[in-house]
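Here the structure comes first, spelled out in structure tokens, and everything after it is commentary.
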Amino acid sequence: MTTAPIFEPPSLGPLLAAKEIVVFCGSGGVGKTSVAAASALGAACRLGGKVLVLTIDPAKRLANALGLEGIGNTERRVPDDLLRAVGLEPRGELYAAMLDTKSSWDELILRHAPDDVTAYRILENRLYTNLTSRFVQSHAYIAMERLYEIHATGKYDLIIIDTPPTRNALEFLEAPARMAEFFGGRLLRWLTMPYRMGGKRGARVLNLASRPFYQVADRILGSQFLHDIAEFFLNFQSMYDGFVERAESVERLLHDRRTTFAVVTTLEAAPLREAEIFCQELRNRDFHLGALVLNKTLPEYLRGRDGAQAAARLVADPKPVAEGLTSLGGALTDSVHTARVLRTVGESFENFAVVAKREAELRGDLGHGPEVLIDVPGLEADIHDLGGLAAIGEHLFR
Amino acid sequence: MSSPAPALLDRRLLFFTGKGGVGKSTVAAAFALLAAEHGKRVLVIEVDAKGNLTDLFEHGPVGFEPTEVHPGVFAMTMNTQDSLQEYLKLNLKVPVLGRIGPVARALDFVASAAPGVKEILTVGKVAWEVREALEGRADWDLVIVDAAATGQIVAQLGAPGAIRELVAVGPVRTQTEWMSELLADPAITALNVVATPEEMPVNETIDLVETVRAELSVPMGAVIVNRVLPELFTHADEEVFDAMREPEAVARLSASVGTGASAVLDGARLAVSLRRTRAVHLARLRTTLDLPMLYVPYLFVRSYGLRVTRMVAEALGEELGL
């Protein structure tokens with residue numbers, strides 16, 4: 001990894017110019033989706049090339065801004081006119097896509113099933129529907145799988161991916177490995193064994209069914225349910241080789257040097273702690289940690305000594321200050337009213353200064369993070385258009 | 001139900017959900033603290049295994065066994081494997097007992113793939129604690145659940161129903177029936193949503209309430225709006241403020257309070273525009289939903305932990321008229 005010279009402000013630019021895949025992760029509510037989209041927009045405009053942002057669950061207005069309203073898996077080019085309309089001059093091309101979990105899974109089944117009948121049986125199975133829509137890790141896995149598939153087309157210079165909300169940040173890192181382990185696992189073979197043997201060797205079924213596992217499962221769930229599950233997994237197992245191979249490829253791609261991870265967090269205790277754990281785990285597992293983005297931070301002037309002094313004076317004794325403004329006339333004529341407003345202004349500054357100092361403290365506690373550490377100040381308006389994304393981009397690329 | 005549902009704290013089971021990052025755990029912990037201060041014995045269950053709920057009471061981590069983390073507040077962390085073991089011990093006869101370890105591990109593995117199993121083990125344990133209390137075998141006045149986030153809560157609370165659809169007969173089916181009844185009883189249960197006045201949390205809250213009403217029979221409680229910024233100025237104040245930001249006024253201010261004056265004015269402008277952006281979302285929440293709203297102010301404090309939990313509890317107490 002190249003180290004930026006010390007006098008240059010940290011920027012995502014060099015990282016985005018050097019990598020093919022950037023995975024944005026972090027806990028819920030930290031603004032991952034906006035930062036990912038802003039990075040893609042910035043890369044397309046500043047670095048050039050074909051850049052795709054794959055978002056998972058964008059706010060409706062943001063999705064609309066990227067031209068993604070109501071559509072699933074298809075990648076769409078964001079028209080240059082839209083970029084120019086907000087004053088951006090694209091050097092490259094920006095594409096956007098949204099992850100549709102259900103149809104991605106369906107495509108995967110159709111690809112790996114040995115024949116149409118098996119594919120159909122799986123797609124129609126109610127356990128399958130349940131599994132793909134409710135099994136949380138399935139979202140995580142399919143996101144990584146889609147990433148692999150798009151990367152394999154070779155169509156894009158850079159793919160930026162947002163990650164789905166998971167109960168904990170590690171879930172999607174483990175998803176490919178767990179998927180491979182699951183389908184290749186002894187346990188699954190063991191679970192489906194009596195059913196694979198069924199019909200031909202009834203005695204063996206009885207023997208197996210007397211094992212504690214089946215006894216327990218049968219008593220709890222009833223044999224019909226158990227049979228349903230087994231049948232489903234039997235069909236699934238016919239795709240075993242394809243699945244495991246694919247999951248391993250996905251895993252390899254995530255570890256590849258062309259892939260990097262960027263962790264996004266706010267400077268609040270809980271998300272920050274999760275971000276630190278996440279950085280640690282990425283390192284432990286030998287993934288490339290490219291950047292830590294501190295999002296929605298308060299502006300630096302709130303921590304300044306001058307501001308603190310001025311605010312303290314306004315809070316303590318606003319009256320003479322207000323009187324000094326009356327000669328300006330207009331709304332400032334009534335010095336009692338002006339004094340009240342001045343005190344409120346001072347108090348508000350002191351309030352926000354407390355939070356700003358707390359943030360600075362947390363930032364200072366950050367141990368040895370990645371080399372690229374970026375601050376994105378909290379923008380006052382919601383990010384729901386390309387202009388908002390471009391404003392974030394100003395801080396990501398300096 | 002002809003009689004009106006009891007006040008939130010007089011119910012026996014309160015779920016708290018919300019989008020990630022809105023302060024769901026803090027609000028759940030504050031409710032527990034508030035209830036305990038009103039003489040109730042409370043069990044708080046952390047379902048999302050983040051393991052930081054007890055930080056809010058300044059207590060070390062706890063496991064599956066309820067542990068007193070504050071006078072009157074007991075906490076436990078949900079763990080589906082332990083929940084399964086407990087279920088097996090309670091429901092199965094002796095011969096299998098010796099093998100429970102490996103069997104439970106195997107089932108836990110299956111559970112991570114089979115739909116609804118993890119969820120039912122979670123909701124089942126929660127419902128079981130409430131039923132034990134209702135029938136006098138456990139002494140919880142109130143069970144509070146720091147539940148799954150909005151994205152997963154419907155699957156979690158809907159698990160008994162979903163399992164009933166899949167499993168035609170057997171003990172599991174019977175058990176899901178009493179669970180569903182308990183979860184649907186407005187005298188006992190309420191699902192509360194925590195939101196901040198921001199776009200995505202508000203969207204998710206509105207969507208969630210709609211989905212819960214369409215798909216589940218779990219009664220809704222309140223929406224807790226967290227981190228509400230104060231309204232700094234009246235309309236008249238704002239005119240004064242705008243006049244202060246004219247160059248001549250700023251120059252005079254700097255002369256009398258120092259060069260920091262413009263930073264202070266910028267800080268107030270930031271506060272006003274943050275509040276204004278959020279007001280739009282707050283209004284949308286208020287007009288779209290017909291649920292009681294409880295407001296918790298944005299806390300300008302330096303720390304986290306019990307002190308903050310207490311401040312949130314106080315705010316909630318005021319909102320509830322306690």
Side-chain angles (χ1 to χ4, degrees), chain A residues 27-30 59-60 127 130-131 134-136 165 167-168 182 187 191 212-213 215-217 219-222 224-225 229 269-271 299 301-302 304 306-311 313-314 320-321 324-325 328 330-332 337-338 341 344-346 348-349 351-352 354-355 357-358 380-382, chain B residues 19-22 48-50 52 88 92 96 99 103 106-107 109-110 113-116 149 151-152 155 162 166-172 199-200 203 232-233 237 239-244 248-249 252-253 256-261 263-268 270-271 273-274 277 300-302 304:
Chain A
S27 65
V30 297
K60 208 169 281 162
L127 284 175
N130 258 316
L131 183 77
R134 294 198 177 145
F135 177 31
V136 180
R167 272 180 215 171
N168 66 68
F182 185 77
L187 199 70
L191 178 71
F213 173 78
Q215 255 182 4
V216 172
R219 248 197 271 176
I220 297 172
L221 299 168
Q224 183 56 43
F225 183 53
I229 292 183
Y301 65 73
L302 289 170
D306 290 354
Q309 273 169 1
R313 290 179 68 173
L314 290 178
V321 186
L325 296 174
L328 289 172
L332 298 172
H337 192 181
T338 307
V341 173
T344 307
V345 167
S348 177
F349 183 91
N351 278 336
F352 277 90
V354 171
V355 181
K357 283 175 192 154
R358 185 182 72 203
E380 291 150 37
D382 297 324
Chain B
K19 180 173 160 54
V22 299
D48 255 345
K50 290 208 174 134
N52 53 5
L88 294 177
L92 296 169
V96 198
R99 299 291 299 272
V103 168
L107 272 178
F109 188 80
V110 176
Q152 288 114 41
L166 290 170
V167 186
V169 287
V172 164
E199 181 173 20
M200 285 301 271
N203 290 354
L232 284 190
F233 300 135
D237 291 347
E239 280 175 24
V240 175
F241 179 60
D242 288 341
M244 273 173 200
E248 179 61 17
R252 289 198 194 178
L253 282 171
S256 60
V257 298
T259 48
V264 177
L265 290 171
D266 284 347
L270 175 71
S273 64
L274 280 176
T277 310
F300 296 101
V301 289
R302 70 185 68 201
Y304 283 85

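Here the structure is a predicted model, which means the values were calculated and not measured. Excluded from the calculations below are hydrogen atoms, water molecules and symmetry mates; all remaining heavy atoms, backbone and side chain alike, are included.
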For B:Val257 and A:Leu314, what are the C-alpha separation, side-chain angles and deciding distance, and is it a side-chain contact (heavy atoms from CB on, under 4.5 Å)?
CA-CA 7 Å; B:Val257 298; A:Leu314 290 178; 3.9 Å; yes
Toward chain A, the part of B:Asp266 with a non-hydrogen atom under 4.5 Å
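Both backbone and side chain.
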With only heavy atoms counted, which part of B:Ala271 is less than 4.5 Å from chain A, the side chain, the backbone, both or neither?
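Both backbone and side chain of B:Ala271 come within 4.5 Å of chain A.
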Rounded to the nearest 0.5 Å, what separation is found between the CD atom of A:Gln309 and the OG1 atom of B:Thr259?
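The OG1 atom of B:Thr259 is 8.0 Å from CD of A:Gln309, to the nearest 0.5 Å.
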Sort A:Pro299 into side chain, backbone, both or neither according to what part of it lies under 4.5 angstrom from a heavy atom of chain B.
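Looking at A:Pro299, just its side chain touches chain B.
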Would you mind checking which part of A:Leu328 comes under 4.5 Å of any heavy atom in chain B, side chain (CB onward), backbone (N, CA, C, O), both or neither?
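When you check distances to chain B, atoms from both the backbone and side chain of A:Leu328 fall under 4.5 Å.
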Which one of B:Met244, B:Glu239, B:Glu248, B:Lys19 has the most heavy-atom pairs closer than 4.5 Å to chain A?
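Sorted descending by pairs with chain A, the first entry is B:Met244.
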B:Val264 to A:Gly346 - nearest heavy-atom pair and separation
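Where B:Val264 meets A:Gly346 most closely, the heavy atoms are CG1-CA, 4.2 Å.
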Under a 4.5 Å heavy-atom cutoff, which of A:Thr344, A:Val341, A:Val354, A:Val321 has the most pairs with chain B?
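Looking at each of A:Thr344, A:Val341, A:Val354, A:Val321 in turn, A:Val341 comes out on top.
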Less than 4.5 Å apart, side chain to side chain, heavy atoms only: is that true for B:Leu265 and B:Phe241?
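Yes. Closest side-chain heavy atoms under 4.5 Å.
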Would you indicate whether the side-chain heavy atoms of A:Val345 and B:Phe233 approach each other to under 4.5 Å?
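Yes. Closest side-chain heavy atoms under 4.5 Å.
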